[in-house]
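The next block holds one structure in the form of structure tokens; read it before the comments.
Below, chains carry the letters A, B, ... as their sequence lines are ordered, and counting in each starts from 1. No experiment lies behind these values; they were computed from the predicted model shown.
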Number of protein chains: 2
Amino acid sequence: MYMKKKAILNNNIVCQKRMQAIRDTMEILSGKWKFHILGTLMQSHSLRFMDLLREVDGIGAKMLSKELQDMEINRLVTRRVLDTKPVTVEYEITEHGRTLAPIIDEIAKWGIEYREVLYKKKPRT
Amino acid sequence: MYMKKKAILNNNIVCQKRMQAIRDTMEILSGKWKFHILGTLMQSHSLRFMDLLREVDGIGAKMLSKELQDMEINRLVTRRVLDTKPVTVEYEITEHGRTLAPIIDEIAKWGIEYREVLYKKKPRT
DNA sequence: AAAGCTGGTTTCCTTGAGGAAACTGGTTTC
DNA sequence: GAAACCAGTTTCCTCAAGGAAACCAGCTTT
């Protein structure tokens, strides 16, 4: 008679909470462009739609629009319509959005170190 | 005569490098399962294939196999075949893999705080 | 009035990620 | 010799992400 083995590490409440947290964050940051849009917005006070389209290399209007809507819902960015001659729209990162900076910084840092390791072709790992 | 506007923020070399770094890291960590597999492996000395299949909630054999291969190529985990009665295979996180801990920690931290904010329903944004 | 700007939306299409289930193959236990 | 276990692989399928291009509405310049 065999007892079916069960998960033992990840069945405690702390692990579950952590796993859920990772899932939450990654869902909010899902997609190919959010990091780049956020990174660009973090560098400037505010940007208009067409500015972002130019700044974020390779993105198309549809994806930019969709990602901005996503992030507005999640309060990472704000959208403000200005009453100018041809109507312009300003996007700005929120304080809440700025709290993602440590994540983005860690990811960028890791990527830079990774490239350096590749060049140096580590001796004997 | 209109001059077509060009990107101005992200065209400097530092930004490009940073963008590339983010792209690199996210490609290595791409997919639904890498964070969870890494998180699980970080908590234990080593785990066998079937252990991981049980620990990582919801994953199937195909994806687990594929993700582990990916991560082995990128030197995040090691695979060791043991000469036991029914052959067993041990997976272990590498030192290099452990350097991802700060990223995973930041992501988990942000997700936990995010949930807390949702519950508290912040007073006035 | 034609053309160009802004800020999108809509349509159509392709590709790939991921899942379920069956199968392999070697070993061991019943 | 039948059944079960480990560590996968293979096949088939679905669905969603993402891209290209056309379109739209309001306004301005020429």
Side-chain angles (χ1 to χ4, degrees), chain A residues 1-8 22-23 26-37 40-41 44 46-74 77-92, chain B residues 1-8 22-23 26-37 40-41 44 46-74 77-92:
Chain A
M1 176 89 168
Y2 276 90
M3 282 283 285
K4 187 158 194 177
K5 288 185 190 173
K6 283 301 192 83
I8 45 167
I22 291 172
R23 232 171 284 138
M26 293 318 290
E27 201 190 315
I28 287 168
L29 296 176
S30 67
K32 195 174 167 183
W33 299 108
K34 299 232 175 60
F35 283 106
H36 298 297
I37 298 171
T40 303
L41 284 173
S44 57
S46 72
L47 288 172
R48 288 172 302 149
F49 188 83
M50 292 307 276
D51 290 333
L52 280 166
L53 211 49
R54 279 182 285 260
E55 293 292 338
V56 181
D57 194 39
I59 200 172
K62 192 191 77 171
M63 291 312 294
L64 180 56
S65 172
K66 197 209 123 208
E67 299 289 62
L68 286 170
Q69 281 172 30
D70 268 22
M71 296 198 289
E72 207 194 341
I73 289 169
N74 288 320
V77 302
T78 55
R79 178 182 186 272
R80 201 171 3 146
V81 180
L82 300 187
D83 195 14
T84 49
K85 324 81 181 279
V87 63
T88 54
V89 180
E90 275 189 2
Y91 290 95
E92 202 172 324
Chain B
M1 176 88 168
Y2 275 91
M3 282 283 286
K4 185 158 193 177
K5 288 186 190 172
K6 283 301 196 80
I8 46 167
I22 291 172
R23 232 171 284 136
M26 293 317 290
E27 201 189 315
I28 287 168
L29 295 176
S30 67
K32 194 175 166 181
W33 299 109
K34 299 230 173 65
F35 282 105
H36 298 296
I37 297 170
T40 303
L41 285 173
S44 59
S46 72
L47 288 171
R48 288 172 303 148
F49 188 82
M50 292 307 276
D51 291 332
L52 280 168
L53 211 48
R54 278 182 286 259
E55 293 291 337
V56 181
D57 195 38
I59 199 170
K62 191 190 78 171
M63 290 312 294
L64 179 56
S65 174
K66 196 208 125 209
E67 298 289 60
L68 285 170
Q69 281 172 29
D70 268 23
M71 295 199 289
E72 207 194 341
I73 289 169
N74 288 320
V77 303
T78 54
R79 178 181 187 273
R80 203 172 1 147
V81 180
L82 300 187
D83 195 15
T84 48
K85 327 81 182 272
V87 63
T88 53
V89 180
E90 275 189 2
Y91 290 94
E92 201 171 326

In whole angstroms, how far is the P atom of C:dA20 from the CG atom of B:L53?
11 Å
Applying side chain to side chain donor-acceptor pair (under 3.5 Å) to B:T78 and not counting sequence neighbours gives none
Round to a whole Å and report the spacing from CD1 of A:I59 to P of D:dA17.
15 Å
B:F49 vs B:L68, side chain to side chain contact (heavy atoms under 4.5 Å, CB included): CA-CA, chis, key distance, verdict:
CA-CA 9 Å; B:F49 188 82; B:L68 285 170; 4.1 Å; yes
Starting from Watson-Crick (N1-N3 plus N6-O4 or O6-N4) and G-U wobble pairs under 3.5 Å, report the runs of at least three that DNA chain C belongs to.
C:1-30 with D:1-30
CG of A:L82 versus C1' of D:dG26: gap in Å, rounded?
16 Å
Below 3.5 Å between N/O atoms, which protein atoms pair up with nucleotides 7-10 of chain D? Just atom names and distances, please.
residue	atom	partner	partner atom	Å
D:dA7	OP1	B:V89	N	2.7
D:dA7	OP2	B:M50	N	3.2
D:dG8	OP1	B:R79	NE	3.3
D:dG8	OP1	B:R79	NH2	2.4
D:dG8	OP2	B:Y91	OH	2.8
D:dT9	OP2	B:S65	OG	2.5
D:dT9	OP2	B:Q69	NE2	3.0

Residue set satisfying side chain to side chain donor-acceptor pair (under 3.5 Å) with A:Q69, at least two apart, ordered chain then number -> A:S65
Considering residues at least two apart in sequence or located in another chain, which fulfil the side chain to side chain contact (heavy atoms under 4.5 Å, CB included) criterion with B:S30?
B:K34
Identify, with sequence neighbours excluded, every residue that meets side chain to side chain contact (heavy atoms under 4.5 Å, CB included) alongside A:R23.
A:M19, A:Q20, B:H36
Contacts of B:E90 that satisfy side chain to side chain donor-acceptor pair (under 3.5 Å) - sequence neighbours left out
B:S46, B:R80
Atom CD of A:E55 and atom P of C:dG7 are separated, to the nearest Å, by 14 Å
Rounded interatomic separation in angstrom, taking NZ from B:K32 and C1' from D:dC15:
12 Å
Let me know the distance between CG of B:L64 and C1' of C:dG18, rounded to the nearest Å.
13 Å
Could you check whether atom CD of A:E27 has more than 12 heavy atoms from other residues, nucleotides or ligands sitting under 6.0 Å from it?
no
Protein-nucleotide distance (A:L52, atom CG; C:dG8, atom C1'), rounded to Å:
13 Å
Mind checking what makes side chain to side chain contact (heavy atoms under 4.5 Å, CB included) contact with A:K62, not counting sequence neighbours?
none
D:dA16 C1' sits how many Å from A:E27 CD, rounded?
13 Å
Side chain to side chain contact (heavy atoms under 4.5 Å, CB included) involving A:M50 - partner list, sequence neighbours excluded:
A:L53, A:R54
Both A:T84 and A:G60 contact DNA chain D. Taking the nearest nucleotide for each, which residue is further toward the 5' end?
A:G60
